[in-house]
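Report on the structure given below.
The analysis underlying the following values was restricted to heavy atoms, covering all of them including side chains, and did not include hydrogens, waters or symmetry mates. This structure is a prediction, so every number in the text was calculated from the model and none was measured.
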Amino acid sequence: IFTRRCPVSKKFEFNFVPFDHEAVQAMTNDDLHFNMRKYKRMIREAKSRGKDSTYMEIEYCYLDQENQRRERFSGRRYNVR
């Protein structure tokens, strides 16, 4: 019987280092989007391997919240001028 496995990178590491509030605020937009993509990939990989991804999902939510805050702020700023 042939079983097909999902392609999962064997080199993938789950090195989780949470950001503090000041570090998230100090990130550029490019860094913020890069880290959001990174955590999204880590969550997907963890779920495909059957690992707990709750702590990564929480970190992703903090990054997404900062992204939304920046979008709202920049929207209001440009509408005022």
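With sequence neighbours excluded, no residue forms a salt bridge (Lys or Arg N to Asp or Glu O under 4.0 Å) with Arg44.
Counting all heavy atoms, side chain and backbone alike, Tyr39 lies closest to Glu59 at CZ-CG, 3.6 Å. Counting all heavy atoms, side chain and backbone alike, Glu71 lies closest to Ser74 at O-OG, 3.1 Å. For the pair Val24 and Arg70, the tightest heavy-atom approach, listed with the atom from each and the gap, is O-NH2, 3.2 Å.
One distance of note links CD1 of Ile43 with CD1 of Ile58; it measures 10.0 Å at 0.5 Å rounding. For the atom pair NZ of Lys51 and CD of Glu45, the computed distance is 10.5 Å after rounding to the nearest 0.5 Å. Between the CE atom of Met27 and the CZ atom of Phe34 there is a distance of 10.0 Å, given to the nearest 0.5 Å. Atom NZ of Lys40 and atom CG of Asp64 lie 8.5 Å apart (nearest 0.5 Å). Taking CE from Met56 and CZ from Arg41, the interatomic distance works out to 11.0 Å, rounded to the nearest 0.5 Å. To the nearest 0.5 Å, atom CE of residue Met36 and atom OH of residue Tyr62 are 15.0 Å apart.
With Asn67 contributing its side chain and Leu63 its backbone, the two residues share no donor-acceptor pair below 3.5 Å.
Using a 3.5 Å distance cut-off with no hydrogens or angles, the side chains of Asp30 and Thr28 do not pair a donor with an acceptor.
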**Request:** Determine, stepwise, if the pair Arg72 / Arg69 fulfils side-chain contact (heavy atoms from CB on, under 4.5 Å).
**Result:** CA-CA 5 Å; Arg72 278 194 310 263; Arg69 187 176 297 127; 4.3 Å; yes

